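Encoded as structure tokens, the structure appears first; notes follow it.
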Amino acid sequence: MKVLITGAGGQLGRALMARVPEQASVRAMTHEQLDIADARAVEAAFGAFRPDVLINAAGFTRVDDAEKEREAARRANATGAAVLAGACRGASSWLVQVSTDYVFDGAQGRPYTADAAPNPLSVYGLTKLEGEQAVAHALPAHSTVLRTSWVYAPDGRNFLTTMLRLMRARPELQVVSDQVGAPTSVTGLAQVLWALAQRRAAGLYHWCDSGAASWYDFAVAIAEEALALGLLAALPAIVPIASAAYPTAARRPTYSLLDKRATEELLGLSAPHWRRALRETLTARAQAEAAA
Ligand SMILES: NC(=O)c1ccc[n+]([C@@H]2O[C@H](COP(=O)([O-])OP(=O)(O)OC[C@H]3O[C@@H](n4cnc5c(N)ncnc54)[C@H](OP(=O)(O)O)[C@@H]3O)[C@@H](O)[C@H]2O)c1
């Protein structure tokens, strides 16, 4: 199986590269190497490699910046997805596209199944939805779209690494407690994407780690686990606040849990509880810091 990975320099791209299955021969292209919205460049990449499967890990992921950089967000998240879908259709390749819980408005109050009606509140969510639609339209029977949520890794730019940095610098932090979702380890997400690339099930699927948390709960757990692993010298005070007290450019759903049971059934696996996955991630981080 020849697999092309786009957006390979991001946190998901790197996690995919860290666990390439034995039977896959991979070409990984970073943003610098391939702009997914550049149709000619994409065509050239396809011509040179002729992938059986493309996993698109590229995206404009700065949710607040997207409100002002609407065109840049649309270019990466919608145009890019459409260009890749067109190239896959021309080359008879399978496309695995990654999307987000932010396609939902969070008003439903219970986990979203893949067939629930989307209603994005932000430019990021809207452009990701446009990307999903472009993929489904071009490749109805030859693509998988996987929505996920609150993705973090031991390094790079994400909530976990931001919290660790702030907790090391400040005695007290305020964290939003009225947005609930599921923190999701990039490690498990990468495994699921590889399984989907091999399984090639067409359609829309959801993946997140099990359980639920507010950003405040997530921050408290990060502090406790990091302290236990020696990544923090002392527990900072963490104060829960309302979203209204921490205005951001983008509106976010208050409750965006994804119902992932169909994916678990399809792949015959069950998602770990987010807190266990967090402990494993921080253990990897502690080992990396000890080795440095
Ligand atoms: N992070 C989350 O919490 C989360 C949650 C749900 C879904 N997702 C989805 O998961 C996927 C992977 O995100 P991630 O967490 O790995 O984010 P990330 O670390 O920001 O990685 C995204 C990568 O895409 C690259 N990129 C941006 N525009 C591109 C373009 N036009 N052509 C090629 N590459 C481009 C970025 O490069 P530059 O840095 O140079 O721009 C970056 O390397 C995205 O589809 C995202 O929407 C993420």
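Position 1 is the first residue of the sequence, and the numbers go up from there. All ligand and atom numbering here is 1-based and tracks the order in the structure. Please read all numbers here as calculations on a predicted model, not as lab measurements.
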Between N56 and T6, a side-chain donor and acceptor under 3.5 Å:
yes

| query | According to the interplanar angle, ranging from 0 to 90°, do the rings of F218 and F159 count as parallel (below 30°), tilted (30 to 60°) or perpendicular (above 60°)? | reply | parallel

Side chain to side chain contact (heavy atoms under 4.5 Å, CB included) test vs N77 passes for just one of T127, V123, T61, namely T127

Result for side chain to side chain contact (heavy atoms under 4.5 Å, CB included) between L231 and one of E225, M167, E289 points to E289

- Would you please test V42 and L34 for side chain to side chain contact (heavy atoms under 4.5 Å, CB included) and show each step? CA-CA 7 Å; V42 168; L34 180 66; 4.1 Å; yes

Ranked by distance from atom 6 (C) of ligand 1, the top protein heavy atom is T148 O, 3.2 Å

* Less than 3.5 Å between some nitrogen or oxygen of T100 and one of ligand 1, yes or no? -> no

Residue, atom and distance of the protein heavy atom nearest atom 37 (O) of ligand 1 read H31 ND1, 3.2 Å

In this structure, atom 12 (C) of ligand 1 is nearest to the protein heavy atom A57 O, 3.4 Å

Test your reading of the structure: does R75 have an N or O sitting under 3.5 Å from an N or O of ligand 1?
no

With only distance considered, is K128 within less than 3.5 Å of ligand 1 through an N or O on each side?
yes

message: Is any side-chain heavy atom of Y246 closer than 4.5 Å to one of Q174?
response: no

Regarding ligand 1, does G10 bring an N or O atom to under 3.5 Å of one of the ligand's N or O atoms?
yes

Requested in this report: Using non-hydrogen atoms of the residue, decide whether R157 is closer than 4.0 angstrom to ligand 1.
Outcome: yes

| message | Regarding ligand 1, does N56 bring an N or O atom to under 3.5 Å of one of the ligand's N or O atoms? | response | no

Ring-plane angle category for F104 and Y112, please: parallel below 30°, perpendicular beyond 60°, tilted otherwise.
parallel

Would you call the rings of W94 and H142 parallel, tilted or perpendicular, taking 30° and 60° as the class edges? perpendicular

Quick note on ligand 1: atoms under 4.0 Å from a heavy atom of W150 include exactly 3 (O), 5 (C)

for atom 5 (C) of ligand 1, nearest protein heavy atom and its distance come out as V151 CG2, 3.7 Å

Could you tell me whether atom 39 (O) of ligand 1 has a protein heavy atom closer than 4.0 Å? no

Using modelled atom types only, decide if a donor and an acceptor are shared between the side chain of S149 and the backbone of A182 within a distance under 3.5 Å. yes

- Message: Keeping S210 on the side-chain end and A271 on the backbone end, is there a donor-acceptor pair under 3.5 Å?
- Response: yes

- Any N/O of I36 closer than 3.5 Å to an N/O of ligand 1? yes

Would you check if the side chain of E224 reaches a backbone N or O of A221 as a donor-acceptor pair within less than 3.5 Å?
no

Do any heavy atoms of G156 fall under 4.0 Å from ligand 1? no

Per-atom filter on ligand 1: closer than 4.0 angstrom to a heavy atom of L12 are 12 (C), 16 (O)

Looking only at non-hydrogen atoms, the one of A41, G13, S99 nearest atom 7 (C) of ligand 1 is S99

Any N or O on D35 sitting closer than 3.5 Å to an N or O of ligand 1?
yes

Fill in: Cluster check L258, V103: I/L/V/M/F/W/Y, side chain < 4.5 angstrom
yes

Side chains of R14 and V186 in contact at under 4.5 Å (non-hydrogen atoms): no

So the atoms of ligand 1 within less than 4.0 Å of a heavy atom of L34 turn out to be 32 (N), 33 (C)

The closest protein heavy-atom partner of atom 1 (N) of ligand 1 is Q11 NE2, 3.4 Å

If you scan protein heavy atoms around atom 10 (O) of ligand 1, the nearest is V98 CG1, 3.4 Å

_Contact (N/O only, under 3.5 Å) between G9 and ligand 1_ = no

re atom 13 (O) of ligand 1, the protein heavy-atom contact at minimum distance is T61 CG2, 3.7 Å

Filtering A153, A76, G59, A58 for the heavy atom nearest atom 27 (C) of ligand 1 leaves G59

Flag for Q179-S243: side-chain donor and acceptor within less than 3.5 Å
yes

Tell me whether ligand 1 is touched by Y124 - counting only heavy atoms on the residue side and a distance under 4.0 Å. yes

